[in-house]
Amino acid sequence: TIDSETARQVQNALTEKGLFNVSVEATTTEVTLRGTVPKGKLAEAVRIGHETGKRKINNQLTEQ
């Protein structure tokens, strides 16, 4: 089931940290992160997704 509210919350949290090139999809069981983050910011993006979404992270991010 799609959880657009959680996706919005995670997207907002990432944007607040300056991570703009990440798209977020959320279901009731996991949050998928796609896109690019600056070098060294991958762990931070995953942590923000996990703490905000409170569920498993499907990490499809790449560093640039």
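Just so it is clear, the structure is predicted and the values come from calculations on it, not from any experiment. The first residue in the sequence is number 1, and the count goes up from there.
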Heavy-atom closest contact (E63 atom, G40 atom, distance)
OE2-N, 2.8 Å

Would you name the heavy atoms of P38 and L19 that are closest together and state the gap between them?
CD-CD2, 3.8 Å

Can you tell me how far the CG atom of L61 sits from the NZ atom of K41, to the nearest 0.5 Å?
13.5 Å

Which pair of non-hydrogen atoms, one from A7 and one from A26, has the smallest distance, and what is that distance?
N-CB, 3.7 Å

L14 versus K17: any side-chain heavy-atom pair under 4.5 Å?
no

Can you tell me how far CZ of R8 sits from CG of D3, rounded to the nearest 0.5 angstrom?
10.5 Å

Hey, does the side chain of Q11 reach the backbone of V22 with a donor-acceptor pair shorter than 3.5 angstrom?
yes

Are H50 and R47 packed together at the side-chain level, in the sense that at least one heavy-atom pair is separated by less than 4.5 angstrom?
no

Candidate pair E44 and V37, rule side chain to side chain contact (heavy atoms under 4.5 Å, CB included), full reasoning:
CA-CA 10 Å; E44 180 182 7; V37 294; over 6 Å; no

Any donor-acceptor pair under 3.5 Å linking the side chain of R55 with the backbone of T27?
yes

I'd like to check N21 versus Q64 (side-chain heavy atoms, cut-off strictly below 4.5 Å). Are they in contact?
yes

How many angstroms lie between OG in S4 and CD in Q9, if you round to the nearest 0.5 Å?
10.0 Å

From the options V10, T32, N12, select the one residue that forms a side-chain contact (heavy atoms from CB on, under 4.5 Å) with V24.
V10

Write down the atom of V31, the atom of G53, and the distance for their closest heavy-atom approach.
CG2-CA, 4.3 Å

